Amino acid sequence: MEKMVMDRVSCHVTAKCNLRCKMCSAFIPKLYEMGNVPEYDVEEIKESFRTYFQLVEHVRLISISGGEPMIYPKLAELLEFMLQYEDNFTKLEVFTNGSVAIPEAVLEVMAKSEKMTLFVDHYGPQISKKIDEIKMNCDKYHIKYSIRIYYGENAHMNGWIDRSFLTEKLSDEKAKEHFKKCFSNNMLTIFGKEIVYCPQSYVGYRIGAVPKEDILGFSLVDEHSTIEEKYEKLHKLWNVEWIPGCAWCNGLGIYENAKRYVPAEQVEK
């Protein structure tokens with residue numbers, strides 16, 4: 001079995017968040033409204049990555065996201081665990097919304113590797129109030145960081161896009177068109193035990209907008225599957241030509257002149 005080489009993989013550690021963004025791509029306000037806000041067990045995530053690196057020789061980028069990862073209580077533990085696979089990835093980035101202080105334990109772990117970086121979405125001084133503190137601590141611990149501006153005239157991508165789901169399923173032909181143009185192609189994502197091709201369609205499943213049968217993925221920790229069987233599943237997942245979940249997608253801004261919205265506009269908690 002020749003191990004695979006991948007461009008990127010993402011890991012959602014929690015759907016819990018301190019913000020309630022009106023047009024959140026993870027539909028956090030909806031999950032709170034439903035009373036179903038998943039937070040994934042760190043041991044399950046570790047086991048998923050153990051299996052992942054049995055199948056994948058190297059991945060360029062690992063992204064840790066949420067929700068807000070900084071309120072995930074086991075983030076430092078997970079990052080410490082990932083250090084043992086440092087030779088197997090080029091970069092590991094951790095996302096944050098700039099409104100939460102970075103826990104000292106997280107700073108201490110990230111300081112151990114030049115491959116770890118903090119990716120900060122800056123939603124303006126009224127929301128991302130911890131930007132200066134984050135920059136100061138990153139400089140103190142010699143941690144690389146990147147700040148993406150999401151407010152004012154130079155807001156990234158001119159603002160957010162509507163990520164809501166369709167109520168009527170598209171034809172396979174139109175779904176394939178979406179897939180070919182989508183910016184998130186080949187962004188496999190780990191949700192606890194599961195690895196799925198498209199995080200957006202999986203989020204749609206969590207809020208009841210996308211049927212489970214239209215989600216492409218499998219369990220990395222399935223005890224009834226051999227490592228060879230998991231390899232075949234992962235190889236097949238990585239090389240799909242399209243996914244059924246695309247038939248519920250509104251296009252995610254892939255078409256010209258897609259309307260843009262004010263980022264991180266808050267709704268009542």
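Positions are given from 1 along the sequence. Just so we're clear, the structure is a prediction, and the values are computed from it rather than from any experiment.
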Next on the checklist: Can you tell me how the ring of Phe53 sits relative to the ring of Phe49, calling it parallel under 30°, perpendicular over 60° and tilted otherwise?
Outcome noted: parallel
Checklist entry - Is there a side-chain contact between Glu213 and Pro244, using heavy atoms and a 4.5 Å cut-off? => result no
Checklist entry - In Å, rounded to the nearest 0.5 Å, how long is the span from OH of Tyr72 to CD1 of Ile45? => result 3.5 Å
Item to check | salt bridge (charged side-chain N to carboxylate O under 4.0 Å, His left out) involving Lys169 - partner list, sequence neighbours excluded | outcome: Asp214
Checklist outcome for this item: Separation between CD1 (Ile243) and CD1 (Ile215), nearest 0.5 Å, reads 7.0 Å
Item to check | Contacts of type ring pair (Phe, Tyr, Trp, His ring centres under 6.0 Å), residue Phe89, not counting sequence neighbours | outcome: none
Item to check | Distance-only polar pair, side chains of Thr117 and Glu93, donor-acceptor under 3.5 Å | outcome: no
Checklist entry - Hey, are Glu2 and Tyr231 close enough side-chain-wise for a donor-acceptor pair under 3.5 Å? => result no
Item to check | Short side-chain to backbone donor-acceptor contact, Tyr32 and Cys17, under 3.5 Å | outcome: yes
Checklist entry - So, for Phe165 and Phe27, is the gap between ring centers shorter than 6.0 Å? => result yes
Item to check | For Phe81, all residues meeting ring pair (Phe, Tyr, Trp, His ring centres under 6.0 Å), sequence neighbours excluded | outcome: Tyr85
Item to check | Heavy atoms of other groups near Lys269 NZ, more than 12 under 6.0 Å | outcome: yes
Checklist entry - Once you round to the nearest 0.5 Å, how far does CE of Met6 lie from CE of Met4? => result 3.5 Å
Item to check | Partner set under side chain to side chain contact (heavy atoms under 4.5 Å, CB included) for Cys249, not counting sequence neighbours | outcome: His178, Leu252
Donor-acceptor pairs under 3.5 angstrom involving side-chain atoms of residues 153-162: please list them, not counting sequence neighbours.
unit_1 : atom_1 : unit_2 : atom_2 : d
Asp162 : OD1    : Ser164 : N      : 2.9
Asp162 : OD1    : Ser164 : OG     : 2.8
Asp162 : OD2    : Ser164 : OG     : 3.1

Next on the checklist: Can you list everything that forms a ring pair (Phe, Tyr, Trp, His ring centres under 6.0 Å) with Phe119? Sequence neighbours excluded, please.
Outcome noted: Phe95
Checklist entry - Should the pair Lys30-Glu33 be classified as a salt bridge under the 4.0 Å nitrogen-to-oxygen rule? => result yes
Item to check | Distance-only side-chain donor-acceptor flag, Glu68 / Thr96, under 3.5 Å | outcome: yes
Checklist entry - Parallel under 30°, tilted from 30 to 60°, perpendicular over 60°: which one fits the rings of Tyr151 and His122? => result tilted
Checklist entry - How about Asp222 and Ser225: does a side-chain donor come under 3.5 Å of a side-chain acceptor? => result yes
Next on the checklist: Can you tell me if Lys3 has over 12 outside heavy atoms packed within less than 6.0 Å of its NZ?
Outcome noted: yes
Checklist entry - Under a 4.0 Å N-O cut-off, is there an ion pair linking Lys46 with Glu77? => result yes
